[in-house]
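What follows is a single structure, written as structure tokens, with notes after it.
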Amino acid sequence: MKGRNHYKFTRKKHSKRGMLACMVAAASIFVLIYLIITSYLQGGNGSAYLGSVGILAWVIALIAFVQSVKSMREDDSFRGIPIAATILSVLAAGAWIALYAVGFLW
């Protein structure tokens, strides 16, 4: 049996909700990186606009987490993308919380 390709036919599909959650979580991480670079270039004197965008991106990361958990519960769908979306959204939300915690303590 070595060397043969084995195919498994299934009706599973990729979760659209999971793909959307993954893209939104990745966008939140990109916004985090952009705002950190912008704040660094301004010498740490970012405006309230940067903070507002940061809070909005944190909320978006939480929404991505909720959507990724919902997508993992879908029947007949692959779990890879929803798991990746969950990990990305937890990392994004955790990074935002850590950034604000350091900002308050500093």
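Taking CD1 of I37 as the reference point, atom CG of L32 lies at 9.5 Å (rounded to 0.5 Å). Here L41 contributes atom CG and I36 contributes atom CD1; the two are 12.0 Å apart, rounded to the nearest 0.5 Å. In this structure, I63 CD1 and S89 OG are separated by 11.5 Å, a value rounded to the nearest 0.5 Å. Summarising the geometry, atom CD1 belonging to I83 is positioned 6.5 Å from atom CE belonging to M72; distances are rounded to the nearest 0.5 Å. Rounding to the nearest 0.5 Å gives a distance of 14.5 Å between OG of S28 and CE of M23.
A 4.5 Å side-chain heavy-atom check between Q67 and V24 finds every atom pair outside the cut-off. Under the 4.5 Å side-chain criterion, counting only non-hydrogen atoms from C-beta, S68 is not in contact with K70. Using a 4.5 Å cut-off on side-chain heavy atoms (C-beta onward), I81 and S15 make no contact. Side-chain contact between W96 and L62 is absent, with no heavy-atom pair separated by less than 4.5 Å.
In this structure, Y34 is a member of the same hydrophobic cluster as L50, with clusters built from ILVMFWY side-chain heavy atoms closer than 4.5 Å. Residues V59 and V31 share a hydrophobic cluster, clusters being chains of Ile/Leu/Val/Met/Phe/Trp/Tyr side chains in contact below 4.5 Å. Both I55 and L99 belong to a single network of hydrophobic side chains, linked directly or stepwise wherever heavy atoms of I, L, V, M, F, W or Y lie under 4.5 Å apart. No single ILVMFWY cluster, assembled from side-chain heavy atoms under 4.5 Å apart, contains both Y100 and I33. Each of F65 and L88 belongs to its own hydrophobic cluster when Ile, Leu, Val, Met, Phe, Trp and Tyr are linked at side-chain heavy-atom distances under 4.5 angstrom.
Heavy atoms of other residues, nucleotides or ligands lying less than 6.0 angstrom from CZ of F30 number 12 at most.
Distance alone, capped at 3.5 Å, places no donor-acceptor pair between the Y40 side chain and the L35 backbone.
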